[in-house]
2 protein chains.
Amino acid sequence: MDEEIHTGETCNARINSVKDALYVLSGKWKLPLIIALMNGPLRFKEIQRSLTDITPKMLSKELRELELNDLIERKVFHTVPVTITYELTSYNKTLLPIIKSLGDWGKKHRKRLVEERRSDPIKV
Amino acid sequence: MDEEIHTGETCNARINSVKDALYVLSGKWKLPLIIALMNGPLRFKEIQRSLTDITPKMLSKELRELELNDLIERKVFHTVPVTITYELTSYNKTLLPIIKSLGDWGKKHRKRLVEERRSDPIKV
DNA sequence: CAGTATCCCTCCGGATACTG
DNA sequence: CAGTATCCGGAGGGATACTG
């Protein structure tokens, strides 16, 4: 019963928790979409332009799934014509550590790959 | 030029870094596999037993991809018959923040969902 | 044991067109 | 604008059998 020793049990629990997180954030566009909304609310078409190349079908689907998990909120303004915006919920902020750690690691990993290739052909 | 303000540029950079990370860790089994190896080196068959239901084809593929990214190391021992083990590299430790944040969030999110459903029918 | 080789199928996601 | 409807290809991944 130490502290963070990995017994088989805690290991499996950890795997399952990670799987849960990955499930909610699965798909090609969910995290990019969330990051795009970190600047503030956007309308459907604006998100499309922001995430170049996402089709309306995909965007609609990803938005719906994120809404179901309380990670974004859809707001309807009864202007003429109607205006609809999407914004991050406060619960979404709990994802920040994930986004930060992924972003940090991705950045460093890319740098690492570049340096590796640069030193490769020289062969000291 | 403040600090962490999200301009369009840093936003895109962040999206790309996150995408890079997700790319390396993509697939159904990579993170579970890494977590399974956090207890120490394992042999092929042992990993299979640890990650119930992964087929040898998938395991082989995921191991190879992780090895190419320097995240695990394959060691050959010339016993008879030959023994092969897989273990995490020291570079793999850099993934810890990702695994931790994903695990933490997944755990809390599941708890949240359970509580939500529990309070749902009561309607205070 | 430590994998490879095939077959097969689901479903993710793109392209395109259409609606209120 | 804010989406939905349809069609479709290809990658991801499972089942099974086989090899050194």
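Computed from a prediction, not measured in an experiment: that's the story for all the values here. Chain letters run A, B, ... following the sequence lines, proteins first and then strands; every chain starts at 1.
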### Query
Base, sugar-phosphate alone, or nothing: which one does A:Pro81 contact when heavy atoms must sit under 4.0 Å apart?
nothing
#### Entry: Separation of atom CG in B:Asp53 from atom P in D:dG14, rounded to whole Å
8 Å
### Message
Just by distance, no angles: are the side chains of B:Tyr91 and A:His109 close enough, under 3.5 Å, to form a donor-acceptor pair?
### Response
yes
### Query
Please give, in whole Å, the distance from C:dC1 C1' to B:Ile47 CD1?
13 Å
### Query
Name the one of B:Ile99, B:Leu96, B:Ile98 that satisfies side-chain contact (heavy atoms from CB on, under 4.5 Å) with B:Ile34?
B:Ile99
## Note on the structure
Rounded to whole Å, the CD-C1' distance (B:Gln48 to D:dG13) equals 15 Å
### Query
Does A:Arg74 have a side-chain nitrogen or oxygen under 4.0 Å from the phosphate oxygens OP1 or OP2 of D:dG3?
yes
### Summary
C:dT10 -> Watson-Crick or G-U wobble partner, both distances under 3.5 Å, gives D:dA11
### Query
Is the distance from OP1 or OP2 of C:dG3 to the nearest side-chain N or O of B:Tyr86 less than 4.0 Å?
yes
#### Entry: OP1 or OP2 of C:dT4 under 4.0 Å from side-chain N/O of B:Ser60
yes
### Query
Between atom NZ in B:Lys75 and atom C1' in C:dA2, what is the gap in whole Å?
18 Å
### Query
How long is the line joining NZ of A:Lys61 and P of D:dT6, in whole Å?
18 Å
### Query
Going by distance alone, is a donor N or O of one side chain under 3.5 Å from an acceptor N or O of the other, for B:Ser60 and B:Arg64?
yes
### Task
Round to the nearest Å and state the distance from A:Leu59 atom CG to D:dA2 atom P.
11 Å
### Task
When you get a sec, tell me which of C:dG13, D:dG13, C:dG3 is the closest nucleotide to the side chain of A:Lys28?
C:dG13
### Query
If only side-chain N and O atoms of A:Arg64 are considered, is one of them under 4.0 Å from the OP1 or OP2 phosphate oxygen of D:dT4?
yes
### Query
Within this structure, what is the CE-to-P distance between A:Met58 and C:dA15, rounded to whole angstrom?
11 Å
### Task
Compare the minimum distances between each of C:dG3, D:dA2, D:dT4 and the side chain of B:Pro56, then state the nucleotide with the smallest one.
C:dG3
### Query
Is the side chain of A:Glu46 donor-acceptor paired with the backbone N or O of A:Arg43 at a distance under 3.5 Å, no angle test?
yes
### Message
Any salt bridge linking A:Glu67 with A:Arg74? Criterion: basic side-chain nitrogen under 4.0 Å from a carboxylate oxygen.
### Response
no
### Task
Measure from the side-chain heavy atoms of B:Arg43 and tell me the nearest of C:dG14, C:dC1, D:dG3.
C:dC1
### Message
Heavy-atom nearest nucleotide on DNA chain C for B:Lys57 versus B:Phe44: which residue maps closer to 5'?
### Response
B:Phe44
### Summary
Between CG of B:Leu42 and C1' of C:dA2 the distance, given in whole Å, is 14 Å
### Message
From C-beta outward on A:Lys45, which listed nucleotide comes closest to its side chain: C:dG14, D:dG13, D:dC1?
### Response
D:dC1
